Each structure stands twice: as structure tokens, then as C-alpha cells.
Amino acid sequence: MDRKKLAGVTPSSSSNSTIKGLQLFIADLRTAPHLQDQERRIQAEITKIKQNFNAHGQRGPKNQDKVGGYQRKKYIAKLAYIYITSNTTKLNDILFGLDQVVQLLKSKVYSEKYMAYMTLELLYEHKSVVEKINEEVLYQTLLDLRQDDENFVALALNFVGVAGSLTGEFARNEDIISEVFQILRSPTSTIYLKKKSVLAFLTLLKKNPTILTDEAQRKQIWIQRILSLLDDRENYRLTLAALPLIHYIAIHIDAGACTRLVPQLTQILYNCVVVGSSPNSNQFPLEFKFANLPNPWIITQVVSLLNVLIVSSTEDSLNQTGLLLHTSTMNPEILNKLRMCISEAIQLGTRPANDPMERIVQNTVLFSLINFAPKLDPSDEAVTDSVTALCKLLTSGQINIRYLALDSLIKLCAILGNSAMNAIRSQNLEMIFQLLGNERDSSILRKIVDLLYIFTDSLNIKTIADQLLNYIISSKHIADPHIKSDIAVKIAILVEKFATDPNWFVTTSLKLLSLPSLTTVNDDEIWQRLCQIVVNNHMLQRVTCEQLLEYFKAPQTSEPLVKTGAFLLGEYADQITDIIPPGDLFNLFTDKYFTVSNVAKAMILTTVMKLYKISDLVYTGAVKLFQMELSSLDIELQTRSYEYLNIIRISKLNGNPNMVDILFQPIPPFNSTTNPLLRRLGSLQKSNGLGVADDSRNTSVPNTGDMSDPFTNATSVTNEGSPDKNTNKQETYYNNQLLVTNWREGFSRMFAYKRGIFYSSSLIKILFRIDYPNIDEPHLIKVSLTYINESDWEISGFTSTLIPYHTQDNPEYFIQNITIPSGLNMLPKKRIDQSFEVVVRKEFSSEHSPIVSIHFNCGGSSSTVNLKLGIGMSTTLKASNAIEQKLTLVQFVSRWKAMGNALGKSGEYVFERVKPKMSKDSLTVEENLQHIVQTIKRIGFDIVEQTNVPNTIFFGGIIHTKTDGSFGCLGKIRSDEDNFISITCKTTVAGDLVSYIATNIKYALSS
């Protein structure tokens, strides 16, 4: 076959490929000085084309087409160009030409048929196009697949490969599937057509896996036919095309059927890496080589497939079906060839290369094979060689090379354990420290720290911890403060795991908390974990307090240290009275009081009460401090001071000093043995598979106590002495608020929209807006309210109060005012603003959402408006915008089943026959579902794009909390013919959370 046919162009079409009218039209658009001129030119051309089609598009009495093929091709090409240049916005303007595209598709002239297929590939992603011409297009595509002309068949296969990924119509058409497979398997098909048919079949299979799963006989026969495509070792082009299809079958259809290919794949890999890479090798023609290596794409594809088919001894638990090939059962010759490939790849990776592209190819092959090496149970010598080769790449000037090298080292350490770790520690530790100090790229810095974290043990903990601490202190080129935060968390975990000297453990932990960088991010977990360990280890209590005193005597003390001291010095001040009396300790805290946040101030107030319990000498100073805070703008400080003054007063009046002792009892030991800081390393644990969540190796400081709540100390410590009756009072006060009659309208609207009208009356209108000030903290919600005077009179005495369900006893959420209403009076049609932040700490019912109580005078009357804010668990949803993170239907079904198997009905909640407010009987089920989809997206859920299950919406998302972490949530909404819907939700945790989320969705749909 000549080159023109291989390129998809026939001799007849090449001479007639220039369309002069199209070129002139394009030139006119490009030279138009203004957008208005371009628009006028486009509209004029559309009108002209439409007139020509209407005038001449009908067939004559003898069934002869009056519009010539060339003219039709030219007009369709212009419409396609208009569609492209308008960024698809003019789709509706060009749909009139679809019938002419179909006529062009039926042409016997290659260039005309080519233009039709090309245009359809552009338009077939639109449902309106598919619905209008799909039957005719499918029929003509089927005819072209059966053509004798290879070029027509190639065009049809191209179209199936492109349009098949856009719509499921092709993957459900048995005739199309059979014809594509017939071309794939036919011995008379050329390599050119086989390559295209393989790729087209892969597209159909991805869209509809049941092609190979519904019928057992078809599955067996067809898979064997597909696997036989690798038998042709003379043409690696077909091999390269077939490998992705076989890889997909191995993962999603039948891995066991593909294991027979291991010897064949091994030989292909051996020919490419060992035989073909030799400078004097004639194994491969020059056209199969790239950068002096035989087709590196084949190498990486083969290795990827072998990674699926072979399991090592460490992965044997994954081979539950017994279908995969175990290393121990492999032919020694095959195993030896694979190991030789890895050795050769290491040699290639260290071979000098002047051509940058050749270096990239060598490194690609090296990374691919080294990541595959753990499958082969390599010897210690082979592991050392792999580690050495990778460490040499750490000095590369290319960021991607350094990143991939570190990633491979982490994987080797995670899978191979000590053999890989020792190879790094013994020879390359200093180089890694040097790289840490010099590196500027944040992604590589994270990888370096992950690598250090993995191979730390009790022997090198002091060296690594000191290096990381010095790096945080001295490094000036870290732009992202969260990197320092992550490093600090890893240091805290490592120190706890491997410290053998209690004094060193305390010294290092306090030094870590003294770093100024920890004040820029929320790292409360670190100091809370230290407090937890000290509480549970009597031997650490005095030495920690002694060292804390030295920090408190300094002019400046970091806030995490102040919080630590407020808790520990308050708890164990009686153990250091021989060093510092309670009065002097009180003075130290008052010196720090005005330099810290309100949360730390609240803790210090409780600490003062504990010092008063030890010594009456602090009575006068304590009373003055509490009285000062009685007028505080912060409700927590004000309430706490008021309660503590009352406790002191009652104990004095009744002559019962034991009351303070009873209310401020020492904190009991923590019970859990899990380190809550480890949840911050979720991605690292998943990637390295170390299972460190319950790891307590070689530590003399037991992992006792669970501070999984980031506010455990800030609440359980600072709220000590708050009797249960205070909590009951708050709940009673909250429940006694009389809400306005139509409060649910705005309440439900807040679940469905991020901004809008919250409340409206003849006197006042309230607008709301919900924002997320920190993209990395979706549990932090900012609410802005705008109050507008709708009356003709002045509003006076305006006040706005926020009422949470809980303020004590470990509340579900915290509220912090940002801006309060700027004035008490509002002239007609004027407005004032208020904003506040809500920190969602753990799950709660939306029925317990905060209440905003508004009081004002207008027109001689007094009005009170109590409204409940629509803030709930669904408000913390963070939608994913990354395409690669979008949830697919296969993933949804898999996770849905997994959640059901794990939790049963305890993690599921169902609403039957709900009538959404936006549903209208005049609309179809599909139209009503489109409205519901928009609402679900606005809530924050990711929608599963699917067409397989009619009248059903699948969605998912992540619910975030500050204290309890994040929880997965999946849901589905099914509509019946009467537009009633059922809502089913599942979460990754049992309990009430799923009902809270489902209820919020129901509220949103009723808004």
C-alpha cells in the first residue's frame, strides 16, 4: 500500500483537497478588524448556506441530487469551521446542516465522506445531534465497516473510536461491535486496519464492559482472539496498539486468561531492553527505535501489563482468586530474563547521554522497570543497585527526574522494607539531607520528607529529627507554610514513635512547638498530642513543666506553647511549687495573656482557677482578671469569667472551699492507643502501604490517649468546672426561641444556594452569602448577612444575636464573629452587614443549626425575628473540579457495594416519594431531573455522568469536620413517572451522619 493510503488520503482526494471558498471564508474572518464584523460575516455565510440547501437540497424527479458533492463539502466545512471558531456556541445555528452531513456521509468520494466523518466527530458529543441523526449515522457506519475499500473502513473505525467514547449508542449496537471485532480478528485485514480496530474495540469495551462479560462462550473465544494479536513479533506497531486493550481486559475483565502471555511479554521486553538496546543490535529496524532504544512505549506498556499479571510474595493476599501468576511458580528462565531487563535498565540509566531526549527515554525505562522490580523478589544486591541508580538521579537538574526518583525510592522502601532502607541510610543519607537544604520545589520537598519519614528508626531518630527541625527554623525559601506544618507533624510522630530518652522527647517536642511557623497554620493537634502523652506518663509531668517555665520566662512565647503551658502547668502546678510559687506562675500567665488569641485566653482563665485552687494568694489577681473580661466582646471569655467569679463567690460565701476542688478535679488518663496525628498522613500511608496507623515500634513513650479532636484540650480543659446544668441551660435557651412562621423557606434555601434571600417582610429583608475563606479547610464556613430596611420609616435599636445549640460540653460547632452590625439605626432602603465564621467540629443535625435573633424598632412598634440558619453537614462539601477526580459509574457502584457490605443499613438512609418543589407536572421526568442535578451540584456534590440507568442521578462527595476528620458520602435519586423521587444516601461511617445529609438534600430540593 502506498503512503497516501496509509495516511488516509486516496489519490483521487488529494488532487481535490483544496476548497477555495473555504479558504476565502477563513481569510475574511481572520482579517475582520472587529468581532462585530466577524459576526456579521458568519451570519451572512450561514444565511447563504441555508438558502442554498433549501433551494437545491431536494432531490429531483430522477433521484439526482441537485447540490453537487463539492458544494456540499464546502458548505459543511464552513459550518464546521464556524462551530470551532465560535467555541461551540453556534451549535444551534448550524444544526440545519445535519441532513446534508448525512448525505455527504453516503458519498462514494473519499474526500466527501472524510469531511462528513470529521464533522460528526466534532458534533457527536451533543445529545441534540445524536438524537436527530443517530440511526442514519449508525447504519452508514455499519455499511462503511463492510466496505471493500480500506480507506472507507479506516474512516468508519476512526469514527467509532472517537464517537464511541462520547455516546453509548455504538457500544450497545451488536452489529457495530461484531463488525469491529471481525476486522480485528480477520487474517485478511491489513495491519493498518487491525490497529484501528483494536483501538476502536477498546473504546467500545470501556463504554460497555458487558461486551465480554455477558456471554461466557463469547468471552472465551474473543479474548483468545485478542491475545493472539501479540503473536506477530515482526510488527511491533500492532503490538503497541494491542497492549492497552489487553491491559484493560487484565484489570477489568479476566486477568487469569491473560497470564499465559507472561512468557511472551517477557520475551518482547527482553528483546527491547537487553538485545535491542545493544549498539550493534540489528534486532529492530531503525523505524522501531527512538532515542537509541527500541520503542520505549512498548517497554513501558509491557511492564505495566506484567505488573498486573504477576504478584510477589508480599502481595499474595491480593491474589485471592489464584488467577494471577505468583513469582515462586514462575519458570526460572523467565524470572531470570526479567531480572536481566532490570539490570540492563539500571545500566542504561547510568549511561551518559548527550541528547536530552535520549536521557528522558532512558530514565523513563529505568523508573518503569525499577518500580516493577519488587514483584520479582530481588536479592539484596539487586535492591542496592536499584537504590544506587535512583540516588544518582537525585542530582539531576530536571525537577521531574528528581521527583520520580524520590517517588520510586519511597515505593521501594515501602514494599521491600529494610533491604531498601538500609541501602539508602548507609550510603546516601547525607546526600538526601543536602538535597533537602538546597531544594526549592515544594512537591520535591514533600517527597524528601516522606522518604525520611519512612526509613526513620530508633537509631537515626535524633539525627533526622534535628535535621528536620533545623530545616524548618533556617529555611527561608519555603513559600507554602503548610509544608512546614506537615514537616512538624511528621517530626512529632517520629519523636513519639522512636524516642528512647524521655528528656529528649520532651525537649524536642517543646522545641517544635516553639517554632513561629506553627502559628501561621492550624496545628493544634501537635501540642494536644504532647499534653495527652504527658497526662498518661507520670515521669514526664514534672520535667515538662520545668522546661515550659523556661519558655514562659522568655519575652516571646509561641501560642502553641502558651496553650501547652496553660494546660500542663495548670494541671501539675502543685508538682513545681518548690521551683515557682503559684503567685509567680499567675504573673507569668498574665504577662502572656494579652499576646494570644481568645482560645488561648479562655484556657488561661481556667488555668487561673486551677492556680487559685492551689493557693488563695492569687485570689485578688484572679478576681480582677475575671472582672475585666465581664465586658469582653467574646462571648466565651465573658461567660467563662462570669461563671468563675460566681464559683469563687459561692465558695467564699458558703465557706466551702472544697467546691473548687470538686469542680476542678485532675484530668483522668486518656484511653485510646491511636496517635491521631497519623490521619494527617493519609495520602502517604496509602502510597507506601506501611500500615503505620497502629505502629508503636521502639518507643518508651507509650501511645496512650486519643486526641483525635483538635479542640479536645481547648474544650475539655478550658471548660473544666462548667457544671452540666450550664449545658442544659443553653439547650433550653436555644429550644425556647420562637421562630417566625415562614423560617423554613430561607432555611431550606441556604442548603441549595450559596447566596440569596434569607428572609423578607414589609419591614426588613435579609440577604445571605456563604463562602469558604480557606480552600483547604472546608469545615470553616463564612456566613455574611445583609439587613435592608424595606419600610418607609427609620429602623432603630437594631441588634443581632447568634445563638448556637451548644457552647459548652464539646460543642458540635463554634461561631466566631468577624464583623458585627455597624450601627443601631437604619434609614429607609439602607443596609448594614454582619459576618461570622462557623467551624464545624463534628457531625450535627441541621435542626440544631445556629439561630440568628434580630430585634429592632420600626414605626413605633418593636419586632423580633428569630431565624434558623441553613448550616449543616452538607455545607462542608467540597466539590472536585479536577477531571481525573470525577467519580465514574463503575467507581460509584464499587464503593456503594463496599459501603453496604461494611456497614449494612446502619450507614444508609432513605426518603421515599419526595415531591421536589421545582418539579412540575408539565415537565418530563428528564427535565425535572435536570433541575435536581443543578441543585445537587450547587450543594457541592460531584455528579456521576452516566446514561446506563434511566431516571436516576448518582452523586458523591466528601463531608468535612474539624475534629472527626472527613467522611465519604454517596447518594442516588430516582424519579418515577409522577415526578416523585426517592433519595438514598450512604456514608462511610455508621450512625446519624447519613440521616443528617439526606435531610439536608431533602431541604435543598424543597427550597
Side-chain angles (χ1 to χ4, degrees), residues 191 195 198-199 202 229-230 232-248 250-251 261-310 334 337-376 382 385-386 389-390 392-393 396-409 411-412:
I191 298 296
K195 284 169 52 184
V198 166
L199 298 175
L202 175 58
L229 295 175
L230 295 187
D232 186 1
R233 300 182 188 177
E234 300 300 324
N235 195 313
Y236 284 93
R237 287 194 180 92
L238 180 57
T239 299
L240 186 59
L243 282 171
L245 174 57
I246 297 173
H247 189 271
Y248 183 86
I251 294 178
L261 292 176
V262 169
Q264 195 171 341
L265 293 170
T266 300
Q267 189 60 47
I268 294 173
L269 187 64
Y270 183 80
N271 290 341
C272 290
V273 178
V274 179
V275 179
S277 62
S278 174
N280 301 322
S281 172
N282 294 321
Q283 177 77 18
F284 292 88
L286 186 61
E287 62 178 311
F288 289 117
K289 288 194 173 185
F290 181 78
N292 293 324
L293 265 182
N295 206 322
W297 294 279
I298 287 184
I299 295 175
T300 54
Q301 289 276 6
V302 169
V303 173
S304 179
L305 182 53
L306 288 172
N307 248 321
V308 175
L309 301 179
I310 299 175
I334 295 175
K337 283 186 176 181
L338 290 174
R339 288 173 176 165
M340 289 177 64
C341 291
I342 294 172
S343 299
E344 184 64 29
I346 294 174
Q347 295 299 320
L348 287 173
T350 56
R351 191 171 69 187
N354 296 324
D355 183 6
M357 185 56 67
E358 184 176 353
R359 169 55 60 196
I360 292 173
V361 170
Q362 290 175 358
N363 290 333
T364 301
V365 172
L366 174 64
F367 290 132
S368 177
L369 282 162
I370 283 186
N371 289 333
F372 172 63
K375 296 276 188 176
L376 307 180
D385 291 342
S386 299
L390 289 172
K392 287 182 179 179
L393 296 177
S396 171
Q398 298 183 30
I399 292 177
N400 287 340
I401 297 300
R402 298 199 301 276
Y403 181 89
L404 292 172
L406 287 166
D407 187 65
S408 296
L409 286 171
K411 290 177 180 178
L412 288 180

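What you are looking at is a predicted structure, and each value in this text was computed from that prediction instead of being measured.
The nearest pair of heavy atoms linking Leu265 to Val302 is O-CG1, 3.6 Å. A pairwise comparison of heavy atoms in Ile298 and Leu243 identifies O-CD1, 4.2 Å as the closest pair. Minimum heavy-atom separation, Val198 to Ala241: CG1-O, 3.2 Å. Between Ala405 and Leu393, the closest heavy-atom pair is CB-CB, 4.0 Å. Considering all non-hydrogen atoms of both residues, Gln264 and Leu230 come closest at NE2-O, 2.5 Å.
The backbone N or O of Thr364 sits nowhere less than 3.5 Å from a side-chain atom of Ser368 that would complete a donor-acceptor pair. The main-chain N or O of Val262 is found under 3.5 Å from a side-chain atom of Thr266 such that the two form a donor-acceptor pair. In this structure a side-chain-to-backbone donor-acceptor pair under 3.5 Å is missing from Lys195 to Arg237. With hydrogens and angles ignored, the 3.5 Å screen pairs no side-chain donor or acceptor of Gln301 with any backbone N or O of Leu240. Judged purely by atom type and a 3.5 angstrom limit, Asp407 has no side-chain atom pairing as donor or acceptor with the backbone of Tyr403.
Counting heavy atoms from C-beta on, the side chains of Val303 and Asn371 never come closer than 4.5 Å.
More than 12 heavy atoms of other residues, nucleotides or ligands sit less than 6.0 Å from atom NZ of Lys337.
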